[in-house]
Amino acid sequence: QVQLVESGGGLVQAGGSLRLSCAASTRTFNTRAMGWFRQAPETEREFVAAINRGGDRTYYADSVKGRFTISRDNAKNTVFLQMNSLKPGDSAVYYCAAYATFAVVDMTTRPNYWGQGTQVTVSS
């Protein structure tokens, strides 16, 4: 079982930045790729970014490429999402996700575990 707890969401003006963190309570953290997804009201949950278990390969949705950066600290069982140049369209609940152990992931891979989500609101 993997428990994921997100933090760092909030209200920010357009053009601003936020850094999300996700703490994972599992001894298998460094065997799992990790990801971030988001869901705005009345929309489906969508992929935002993912990072492989070693942290040397990352994947991004086209909508956030160049603005968001995913990273991880395996020593602290934590994954981060640095969000810059935020737009009102980025407003959503952001979910941290953990994939199956040793899975090779891409943007279509379904995670195995989800956090409870953290709200990000970008005002215009």
Side-chain angles (χ1 to χ4, degrees):
Q1 187 74 7
V2 177
Q3 292 186 330
L4 304 171
V5 178
E6 302 97 334
S7 61
L11 173 64
V12 64
Q13 288 188 333
S17 299
L18 281 175
R19 189 191 195 207
L20 304 183
S21 299
C22 172
S25 60
T26 174
R27 286 181 284 183
T28 62
F29 182 78
N30 63 356
T31 70
R32 299 179 184 271
M34 298 294 294
W36 288 95
F37 289 69
R38 66 186 182 187
Q39 187 170 18
E42 300 182 358
T43 68
E44 293 187 353
R45 192 171 299 187
E46 65 175 3
F47 171 84
V48 174
I51 187 167
N52 70 343
R53 58 185 181 268
D56 59 338
R57 187 167 294 180
T58 56
Y59 310 85
Y60 296 96
D62 287 344
S63 59
V64 307
K65 204 170 291 183
R67 299 188 298 122
F68 291 11
T69 303
I70 188 171
S71 61
R72 65 189 295 162
D73 184 340
N74 284 350
K76 297 183 178 180
N77 280 18
T78 304
V79 62
F80 305 97
L81 185 67
Q82 178 66 44
M83 305 186 294
N84 298 330
S85 302
L86 283 161
K87 307 173 182 179
D90 294 318
S91 296
V93 177
Y94 282 71
Y95 295 91
C96 177
Y99 295 89
T101 56
F102 301 108
V104 177
V105 305
D106 60 27
M107 293 186 293
T108 66
T109 306
R110 180 172 175 82
N112 285 34
Y113 299 96
W114 299 93
Q116 83 288 350
T118 185
Q119 177 70 48
V120 171
T121 303
V122 185
S123 63
S124 57

Asks: Tell me, please, which residues at least two apart from Asn30 pass side chain to side chain donor-acceptor pair (under 3.5 Å).
Replies: none
Asks: Which residue pairs pass the ring-ring contact (aromatic ring centres under 6.0 Å, His included) test with at least one member in residues 56-81, sequence neighbours excluded?
Replies: none
Asks: Sort and list the pairs that fulfil side-chain hydrogen bond (donor to acceptor under 3.5 Å, both in side chains) and have at least one residue in residues 2-13, not counting sequence neighbours.
Replies: Glu6-Gln116
Asks: Quick one: does Trp36's side chain get under 4.5 Å of Met83's, heavy atoms only?
Replies: no
Asks: Taking all non-hydrogen atoms of both residues into account, name the closest pair between Leu4 and Cys22 and its distance.
Replies: CB-SG, 3.9 Å
Asks: Please list all pairs passing the side-chain hydrogen bond (donor to acceptor under 3.5 Å, both in side chains) test where one or both residues lie in residues 14-24, with sequence neighbours left out.
Replies: Ser17-Asn84
Asks: Disulfide bond (SG atoms under 2.5 Å apart): which pairs involve residues 47-89, sequence neighbours left out?
Replies: none
Asks: For residues 93-101, please give each side-chain donor-acceptor pair under 3.5 Å, one per line with the distance, not counting sequence neighbours.
Replies:
unit_1, atom_1, unit_2, atom_2, d
Tyr94, OH, Arg38, NH1, 2.9
Tyr94, OH, Asp90, O, 2.6

Asks: Once side chain to side chain donor-acceptor pair (under 3.5 Å) is applied, do any residues pair with Ser71, and if so which ones, sequence neighbours excluded?
Replies: none
Asks: Can you sort out the partners of Thr109 under side chain to side chain donor-acceptor pair (under 3.5 Å), two or more places apart, ordered by chain and number?
Replies: Asp106
Asks: If you look at every heavy atom in Ile70 and Gly35, which pair is closest and at what distance?
Replies: CD1-CA, 4.3 Å
Asks: Mind checking what makes side chain to side chain donor-acceptor pair (under 3.5 Å) contact with Ser25, not counting sequence neighbours?
Replies: none
Asks: May I have all residue pairs that pass salt bridge (charged side-chain N to carboxylate O under 4.0 Å, His left out) and include part of residues 20-36, sequence neighbours excluded?
Replies: none
Asks: Restricting to ring-ring contact (aromatic ring centres under 6.0 Å, His included), what partner residues turn up for Phe47, sequence neighbours left out?
Replies: Phe37
Asks: Who are the salt bridge (Lys or Arg N to Asp or Glu O under 4.0 Å) partners of Asp56, not counting sequence neighbours?
Replies: none
Asks: Over all heavy atoms of both residues, which pair between Ala14 and Ser124 is shortest? Give the atoms and the distance, please.
Replies: CB-CA, 4.3 Å
Asks: Rounded at 0.5 Å granularity, tell me how far OG1 in Thr58 sits from NZ in Lys65.
Replies: 9.5 Å
